[in-house]
A.B. asks: 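After the structure tokens below, expect a handful of questions from me.
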Amino acid sequence: MATYPLSEAYIDGDVLTAANVNSITEGVNDIAFGVFNAQTGTSYTLVLTDVAKVISLTNAAAITLTVPTNASVAFPVGTQILLYQGGAGQVTVSSSATLRSQGGKLKTNGQYAVAGLLKVDTDEWVVFGNTVA
């Protein structure tokens with residue numbers, strides 16, 4: 001998986017090599033959502049290969065999704081990960097890193113809810129989407 005070459009700073013007048021263009025194209029492909037990582041247990045900790053994936057969390061019991069600190073897993077700032085609650089078990093997002101959300105909402109709203117995570121700083125993530133407190 002590429003390391004988001006789209007963030008490279010190209011300025012007017014730069015001459016791009018074939019390698020530059022290929023890395024940009026590769027980055028575009030890597031940030032496209034749609035690849036599922038199906039999880040059926042009651043807990044899951046994100047790993048680096050979850051970048052730009054949909055984590056499907058399906059269980060009848062409550063589920064805890066843990067976002068590791070940057071010291072454990074160095075997700076690039078700008079990382080986006082979608083969460084899908086496929087079963088009755090409500091998903092709670094937890095972390096030792098800072099989690100921010102509108103109104104302190106860190107749980108999915110119910111079966112079929114979709115929420116997301118956006119890494120905005122070294123150890124800071126925003127939880128968004130169909131969530132409740």
Side-chain angles (χ1 to χ4, degrees):
M1 183 171 290
T3 56
Y4 301 99
L6 295 177
S7 64
E8 292 180 22
Y10 297 113
I11 59 172
D12 191 31
D14 281 353
V15 176
L16 300 180
T17 66
N20 297 135
V21 173
N22 288 337
S23 72
I24 291 170
T25 302
E26 183 177 75
V28 169
N29 291 335
D30 285 349
I31 61 174
F33 284 106
V35 177
F36 276 74
N37 173 358
Q39 297 295 316
T40 58
T42 57
S43 66
Y44 180 69
T45 299
L46 295 174
V47 295
L48 195 56
T49 55
D50 288 327
V51 171
K53 288 187 180 172
V54 178
I55 311 303
S56 174
L57 300 143
T58 305
N59 198 296
I63 302 166
T64 301
L65 177 108
T66 302
V67 179
T69 62
N70 195 71
S72 297
V73 180
F75 290 104
V77 171
T79 291
Q80 296 180 52
I81 299 170
L82 290 179
L83 311 174
Y84 166 67
Q85 180 185 326
Q90 186 176 44
V91 179
T92 300
V93 180
S94 71
S95 184
S96 293
T98 301
L99 295 175
R100 304 208 186 273
S101 68
Q102 188 278 323
K105 299 174 183 174
L106 298 176
K107 297 180 180 185
T108 52
N109 195 26
Q111 191 169 13
Y112 311 120
V114 176
L117 296 164
L118 171 63
K119 186 171 184 180
V120 295
D121 205 349
T122 302
D123 268 319
E124 184 176 349
W125 292 77
V126 173
V127 180
F128 60 91
N130 192 355
T131 57
V132 295

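Excluded from the calculations below are hydrogen atoms, water molecules and symmetry mates; all remaining heavy atoms, backbone and side chain alike, are included.
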A.B. asks: Between Ser94 and Thr64, what is the shortest heavy-atom contact and its length?
C.D. replies: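 Heavy-atom minimum between the residues: OG-CG2, 3.5 Å.
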A.B. asks: Indicate the atoms forming the closest heavy-atom contact of Ala97 with Trp125, along with that distance.
C.D. replies: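 Looking at all heavy atoms of both residues, the shortest contact is CB-CD1, 4.4 Å.
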A.B. asks: Indicate yes or no: at least one non-hydrogen side-chain atom of Val73 is less than 4.5 angstrom from one of Leu46.
C.D. replies: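 Answer no - side chains too far apart.
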A.B. asks: Kindly indicate whether the side chain of Ile55, heavy atoms from C-beta on, has any atom under 4.5 Å from the side chain of Asn37.
C.D. replies: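 In contact.
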A.B. asks: Flag yes if Val132 and Leu82 sit in one hydrophobic cluster, no otherwise; membership is Ile, Leu, Val, Met, Phe, Trp, Tyr, and two members link when side-chain heavy atoms are under 4.5 Å apart.
C.D. replies: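 No, because Val132 and Leu82 fall into different hydrophobic clusters, even though each may have its own neighbours under 4.5 Å.
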A.B. asks: Does Lys107 have more than 12 heavy atoms from other residues, nucleotides or ligands lying within 6.0 Å of its NZ?
C.D. replies: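 No - once you tally the heavy atoms of other residues, nucleotides and ligands closer than 6.0 Å, there are 12 at most.
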A.B. asks: Distance from Lys105 atom NZ to Asn130 atom CG, nearest 0.5 Å?
C.D. replies: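 Answer rounded to 0.5 Å: 9.5 Å.
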A.B. asks: Identify the heavy atoms of Ala133 and Gly103 that sit nearest to each other, and give their distance.
C.D. replies: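 Shortest heavy-atom separation between Ala133 and Gly103 comes out as CB-O, 4.2 Å.
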A.B. asks: Nearest 0.5 Å please: distance from the OG1 atom of Thr131 over to the CD atom of Gln102.
C.D. replies: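 Thr131 atom OG1 to Gln102 atom CD measures 7.5 Å (nearest 0.5 Å).
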A.B. asks: Got a donor-acceptor contact below 3.5 angstrom from the Ser95 side chain to the Val67 backbone?
C.D. replies: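 At least one qualifying donor-acceptor pair exists.
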A.B. asks: Looking at every non-hydrogen atom in both residues, tell me the closest pair between Phe75 and Ile81 and how far apart they are.
C.D. replies: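 Taking every non-hydrogen atom into account, CE2-CD1, 4.1 Å.
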A.B. asks: Quick check: do Asn70 and Lys119 have side-chain heavy atoms less than 4.5 Å from each other?
C.D. replies: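 Side-chain contact under 4.5 Å: yes.
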A.B. asks: Taking side chain as C-beta onward, heavy atoms only, is Tyr44 less than 4.5 Å from Leu83?
C.D. replies: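 Counting from C-beta outward, Tyr44 and Leu83 never come under 4.5 Å.
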A.B. asks: Are any non-hydrogen side-chain atoms of Thr108 and Tyr84 less than 4.5 angstrom apart?
C.D. replies: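 Of all side-chain heavy-atom pairs linking Tyr84 with Thr108, none is under 4.5 Å.
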A.B. asks: Can any side-chain N or O of Gln111 pair as donor or acceptor with the backbone N or O of Ala113 at less than 3.5 Å?
C.D. replies: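 Not a single qualifying donor-acceptor pair exists.
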A.B. asks: How long is the gap from CG on Asp123 to OG on Ser96, to the nearest 0.5 Å?
C.D. replies: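 Separation between the atoms: 9.0 Å.
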A.B. asks: So Leu65 and Leu117, do their side chains get closer than 4.5 Å, heavy atoms only?
C.D. replies: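 Of all side-chain heavy-atom pairs linking Leu65 with Leu117, at least one is under 4.5 Å.
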A.B. asks: Please report the interatomic distance CD(Glu124) to CG(Leu118), rounded to the nearest 0.5 Å.
C.D. replies: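 CG of Leu118 is found 9.5 Å from CD of Glu124.
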A.B. asks: Give the minimum heavy-atom separation between Thr42 and Ala61, together with the two atoms involved.
C.D. replies: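 Nearest pair, atom of Thr42 first, then Ala61: CG2-CB, 4.0 Å.
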A.B. asks: Gly86 and Tyr112: which non-hydrogen atoms are nearest, and at how many Å?
C.D. replies: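 Between these two residues, the closest heavy atoms are O-CE2, 4.3 Å.
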